Amino acid sequence: MFFFFYIFLPTGHRGDTVVMNGVAGHDQAEEADSKQDGSADAEDANEQEVIVIQDTGFTVKIQAPGAEPFDLQVSPQEMVQEIHQVLMDREDTCHRTCFSLQLDGNVLDNFAELKSIEGLQEGSLLKVVEEPYTVREARIHVRHIRDLLKSLDPSDAYNGVDCNSLSFLSVFTDGDLGDTGKRKKKGNELEQIDCTPPEHILPGSKEHPLVPLQPQNKDWKPMQCLKVLTMSGWNPPPGNRKMHGDLMYLYIVTVEDRHVSITASTRGFYLNQSTTYTFNPKPANPSFLSHSLVELLSQISAAFKKNFTAQQKKRVQRHPFERIATPFQVYSWTAPQSDHAMDCVRAEDAYTSRLGYEEHIPGQTRDWNEELQTTRELSRKNLPERLLRERAIFKVHSDFAAAATRGAMAVIDGNVMAINPGEETRMQMFIWNNIFFSLGFDVRDHYRELGGDAAAHAAPTNDLNGVRAYSAVDVEGLYTLGTVVVDYRGYRVTAQSIIPGILEREQEQSVIYGSIDFGKTVASHPKYLELLEKTSRPLKVQHHAVLNEKDTAVELCSSVECKGIIGNDGRHYILDLLRTFPPDLNFLPVEGEELAPESQKLGFPRQHRHRLACLRQELIEAFVEHRYLLFMKMAALQLMQQKANKDKTAALHDTSTADAESESKPQALEASEKVPDGTPTSPTSSESTLTLDDAEAMTVSENLKSAVPTANTSGTHEPSAAERQNGGCDSPLEGKEADENIPGLAQAKELAESLAAEDGSGIDPKSREVVLNACKAVGSISNTSFDIRFNPDIFSPGVRFPDDSTDDIQKQKQLLKDAAAFLVSCQIPSFVKDCLDHSSLPMDGATMTEALHQRGINVRYLGTVLEFVENMPAKAQIEHIYRIGISELITRCAKHIFKTYLQGVELTALSAAVSHFLNCLLSSFPDAVAHLPADELVSRRKSRKRRNRVPGGGDNTTWASLTPSELWKNINSEAQSYYHFSLQCESVDQAVEKYGLQKITLLREISLKTGVQILIKEYNFDSRHKPAFTEEDILNIFPVVKHVNPKASDAFHFFQSGQAKVQQGFLKEGCELINEALNLFNNVYGAMHVEICACLRLLARLNYIMGDHPEALSNQQKAVLMSERVLGIEHPNTIQEYMHLALYCFANGHLSTALKLLYRARYLMLVVCGEDHPEMALLDSNIGLVLHGVMEYDLSLRFLENALAINSKYHGPRSLKVALSHHLVARVYESKAEFRSALQHEKEGYTIYKNQVGEAHEKTKESSEYLKYLTQQAVALQRTMNEIYKNGSNASIMPLKFTAPSMASVLEQLNIINGIIFIPLSNLENLKAEVQRRQLMQNSGKIEEQQLELDDKLPVDD
């Protein structure tokens, strides 16, 4: 057994390590790594690295006081501390916190690694020895006991604290699938299964209740162990009692209603004689001195003893993934009414600035900047070092995000003193816990020319994107600030770590690079230029000069507002990265500048709220790839023309081309890896900068050929023609065909490579001219190689450029116009095309936004995208996209209005104001009236004096005058002015009617966007007599947080190589690589993370395909739990994970569980996007098939016929999916012996197959066989019926074969519809050979059609 080492930093999260060790036991690392070909490092180095960090685990015995010794499997890299954690989590030792571990009488050091301890070996006995308490240890003990008492209580998850979040999977699987699998009866006892779903889940149901979103978990009715556990009012102990060893006093009320006072002393806990009003610290008689509070309470309360034991049993039985803390807090937008219980620890936490377990850290508050920067400085030479570094970076980031969120809320709630208290509220700044907070308002007219408050609101998110980009490039020696943007109660707060020494100096002195006044005065610095030069290629930022106030040119390698400050720690910091990416000219009207015709045709440029609109990094990447292709084609065409003149040289070229091709082969394979689903292809710093300096860059961009839609290149090669064309692709569909047949492409490549390699000295001038022309045509900044970069300062007000760079600036302006045109003429159509062919399937606002962002389209283009969809001939086939887009547009407009609405509300009226807003937005009640809190009217005069002391302290009541019609008028005008889209809805009912929306979906979207949490109950939105919401229904407002997500780079490489292997048909090798990736992800992220979720899902799918059903079930169960915890219980990803889990349950014979899971998925989908969605067809086909398998034919038909209808609508009536749907329906009719209907459906299917794939295809043949069989059955049935009519009851009836479908045949159909193809091993070999053959044939390597289909789509479609 090998253990993969795990870095564990002391955290306060319960039960961390247990899982880590559990997840860690994989021994494929060595062989996996030798096959690893996608990693950026040299392979041999990697192999040794992995071996270094592997070591065999061993077993030690542990002896705790009063318990049997037990064995524990440990690994040599673990720290002693981790054994402590395990003991604090185990059922029989969980009540101990203050102990040491001793080996042969020697105390082990907590932070020592096990391998460094002398004499510790297989079978050693470690003794748990109770240690004397200190005040700190006593507090930790009480806190731990409280955590154990609350361990089954979900209130922390509902309240969004301590990184707890909800999970409901166990409600549907009756506990852990792994254990119960053996006891469950297999599929033979079908009668016992109750298959009828609740009414609201059936197809066509109009009700969408909210309550089932959070089913009641029976474990959550916690058994009461104590009535009260709290700090006593007699704390702290007086001096004379301190000298007797008293540390603190507790007050406890047991379930039997006995009130007791307890002393925590250095020797343990005992009863004293104090009462509520008299202090008598003497020990009671008997005093029950115990080292653990649990032992003491078990002696004085029988109920405590019984319930505590039962509760710990239950706690340990829960799946670890249900209780491990998530790395970032996830909030729930609904919660049940809960009783507020007394809780001393919670009360204490609320009034201390404690963050996480601060007590672990000497010196109390953390120096966030120092932690963030030192983790970046850790060494990264080999794999173990990189893992340590990434783990540390990730840990500090998630702690910082939690601290910043807490601080931002404290600032808005008025809990933090401003550092400039004399100024008006909007201008105040705050420091709390070594974090600097500022509000998103334009305070000193800083942004006046850029759009005032609107610009000040957009700047923090732009800045965060800049921080993300620079941290991803990760240049040694260049530092960015920890940055978190928090939206809370209508305010935007930016939290940043503090540069050492910045508060003591004036800003003017500290900024040695960049400008503090948007380009009037500009400074530069050679060290900064050197550091930023390294980022210029990956971020596509052009090195350029600007004029300062003295009219001298200053060199910059970033936008002017990017400031460089050297901190007192000597580090080079950059901040204000809001213009890292170039401006978006479609939303930046500039006098005297004409946009490209593609943009003008769509009504651009448009006026935007502010002048900070930037293009996204994804768009820049796509644009550059697109230009690279154009460059190659132009060079190729010119070479062909030369070839006509010069045949001899061409022959020479050809031979060398062959060599060049064969050399660059391995990189081509490496580059053709597919990115995991759901992650955008953001190429890492060095790999895909598209220059011709090395063959690798060539092949990377090569491979993108098939992916990027391209323009037709006509034979011209004057630059102007190409610029006019600028890649406005006529149809996103061409492109693939266009590349394959350009004859000169190979020579162009070879020429470009040799140019880059030899300074162009040995190349004839004609060829050099070819490259020069191509470079000019695509706007490259170099004349000898392809290199496109942008100058982010173009069109910035106040920035001036030297005269000698006029040409260059002109070029840059053209490049920006081209990029803006590329977005509307290429990226938007290709996004819509993705939706049309269902390769992109957004289900809600968040997934749609993500899909747009992956294409580099900003959400401000939402109106343009919707118009594009509206004017498409195939609009019906992407109606779901239109509907999701409209609901996103409406809720975003509402969010903009809600933000300013909330800023004017004082705290006492918050719930009334939120419920009033929701009524105006969603309730059909025409005259929603706000209920002003009664006391507000009384204390009107007093409150005037202390007005405006905190940012959230406005006290006006204008919010109460909002009416539904006014709100909808505002939403319409917001849609028009921000998105340039005309909604034309005067009320919510009109919007629902016109666009087919659901109110419950709108409620979910607006709650998620604004952080509102509402009471889970049925809301009557449509009543015209009373409003839907009252103020009691608003439970909370949570912050909406944006932060940097540090990545696990090595793990990601393994994951990608694994995917590439799988796609080439090497399943086993792929599986090993992905297991390895899982280990590395666990190393960096801990046990819970979105990327681990994707890894587990793929692993489960591979297990399933390779026939290991139980393993598939176990991995998929983890994926579902993790998705619920990290993304949310009704996130579209979670819905898909539920569907996969249901399939694996069915394959393992858990039929009723499979059905429950599918019904759950269907319910969630109804809430999230309604029934009319292409994914619903897949879900309903799954449900219908399972119901068919358990012989519920009528129910099965309802679901399958619904699936057929949806498939016909979204895939067109002639699609192969529709043919399959017809076949599934026919099978159920056959089982019901309704042969006429069966025949009718199968004929439809047969016709589609015949027309689409031809008569010779096996599908068509199968269908035709089945038709014959059905006809025979129909004839036999008719004969029998005639016999009965003729001879009455004494007819001799032939027994008819009514077949209940076999489980195997149902499973086979399930696999087909879920896109899983099983390949017999003999074919697998052929497949591998075929894949290799085709890769040799063709450089681009991306032939999707005949690769092994492992994505979540169907294998067959038109």
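Along the sequence shown, residues carry numbers from 1. Just so we're clear, the structure is a prediction, and the values are computed from it rather than from any experiment.
Centroid-to-centroid, the aromatic rings of His1043 and Phe328 come within less than 6.0 Å. The ring of Tyr1019 has its center closer than 6.0 angstrom to the ring center of Phe1029. In this structure, the ring of Phe441 has its center no less than 6.0 angstrom from the ring center of His457.
In this pair, Phe917 and Tyr901 present their aromatic rings tilted. The plane angle is within the 30 to 60° band. Between Phe1052 and Phe1055, the two ring planes are tilted [angle within 30° to 60°]. Between Trp432 and Phe437, the ring planes are tilted. Angles from 30° to 60° get that label.
Of the N and O atoms on the side chains of Tyr488 and Asp413, at least one donor lies less than 3.5 Å from an acceptor on the other residue. Side-chain atoms of Asn369 and Gln373 include a donor-acceptor pair closer than 3.5 Å. With hydrogens and angles left out, the side-chain atoms of Glu1137 and Gln1116 include a donor and acceptor closer than 3.5 Å. His144 and Thr97 share no donor-acceptor pair across their side chains, judged by distance under 3.5 Å alone. Using a 3.5 Å distance cut-off with no hydrogens or angles, the side chains of Glu1130 and Tyr1163 do not pair a donor with an acceptor. Counted by atom type alone, Tyr331 and Gln1013 present zero donor-acceptor pairs between their side chains at under 3.5 Å.
A salt bridge does not link Arg143 to Asp147: none of the charged nitrogens lies less than 4.0 Å from a carboxylate oxygen. Ion pairing of Arg389 with Asp474 is present here, as a side-chain N (NZ or NE/NH1/NH2) and a carboxylate O approach within less than 4.0 Å. Using a cutoff of 4.0 Å between basic side-chain nitrogens and carboxylate oxygens, Glu1005 and Arg892 are not scored as salt-bridged. Using a cut-off of 4.0 Å between Lys/Arg side-chain N and Asp/Glu carboxylate O, Asp487 and Lys899 are scored as not salt-bridged. Using a 4.0 Å cut-off between charged nitrogen and carboxylate oxygen, Lys150 and Asp162 do not count as a salt-bridge pair. Ion pairing between a basic and an acidic side chain is recognised when a charged N comes within 4.0 Å of a carboxylate O; Glu390 and Arg376 show no such pairing.
Closest heavy-atom contact between Pro1046 and Ile393: CB-CG2, 3.9 Å. Counting all heavy atoms, side chain and backbone alike, Ala325 lies closest to Met1088 at O-CG, 3.9 Å. Between Ile1006 and Ala894, the closest heavy-atom pair is CD1-CB, 3.7 Å. Considering every non-hydrogen atom in both Ala1119 and Cys1093, the closest pair reads O-SG, 3.4 Å. Residue Leu1157 comes nearest to Phe172 through the heavy atom pair CD2-CB, 4.0 Å, listed as atom of the first residue, atom of the second, then distance. For the pair Ile1014 and Ile1034, the tightest heavy-atom approach, listed with the atom from each and the gap, is CG2-CD1, 4.1 Å.
Between Thr483 and Val1044, every side-chain heavy-atom pair lies at or beyond the 4.5 Å cut-off. By the 4.5 Å heavy-atom criterion applied to side chains, Leu481 and Phe436 are not counted as neighbours. The closest side-chain heavy-atom distance from Thr494 to Leu439 is not below 4.5 Å. Counting heavy atoms from C-beta outward, Lys1042 and Arg492 have side chains that approach closer than 4.5 Å. Counting heavy atoms from C-beta outward, Arg323 and Ser151 have side chains that stay 4.5 Å or more apart. Counting heavy atoms from C-beta on, the side chains of Val1040 and Lys1009 never come closer than 4.5 Å. With a 4.5 Å cut-off on side-chain heavy atoms, Leu1002 and Leu922 count as touching.
At distances below 3.5 Å, not a single donor-acceptor pair connects side-chain atoms of Glu1031 with backbone N or O atoms of Ser915. Between the side chain of Asn159 and the backbone N or O of Val161 there is no donor-acceptor pair closer than 3.5 Å. Between the side chain of Thr847 and the backbone N or O of Pro842, no donor-acceptor pair lies under 3.5 Å.
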Inset, instruction - Output, in order, the C-alpha distance, side-chain angles, deciding distance and verdict of side chain to side chain donor-acceptor pair (under 3.5 Å) for Gln496 and Trp368. - result: CA-CA 9 Å; Gln496 289 170 310; Trp368 291 109; over 6 Å; no
Inset, instruction - Test salt bridge (charged side-chain N to carboxylate O under 4.0 Å, His left out) on Asp89 and Arg315 and set out the steps. - result: CA-CA 10 Å; Asp89 199 65; Arg315 176 180 68 86; 3.2 Å; yes
Legend entry - Stepwise salt bridge (charged side-chain N to carboxylate O under 4.0 Å, His left out) check, Arg1125 with Glu322: CA-CA 8 Å; Arg1125 296 281 323 276; Glu322 290 183 69; over 6 Å; no
Legend entry - Verdict with supporting geometry, Tyr1085 and Glu1091, side chain to side chain donor-acceptor pair (under 3.5 Å): CA-CA 9 Å; Tyr1085 297 140; Glu1091 283 169 26; 2.9 Å; yes
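When each of Phe1081, Phe321, Phe394 is tested with His1089 by the rule ring-ring contact (aromatic ring centres under 6.0 Å, His included), just one qualifies, namely Phe394. Partner of Pro1039 under the side chain to side chain contact (heavy atoms under 4.5 Å, CB included) criterion, chosen from Thr405, Ile412, Val484: Thr405.
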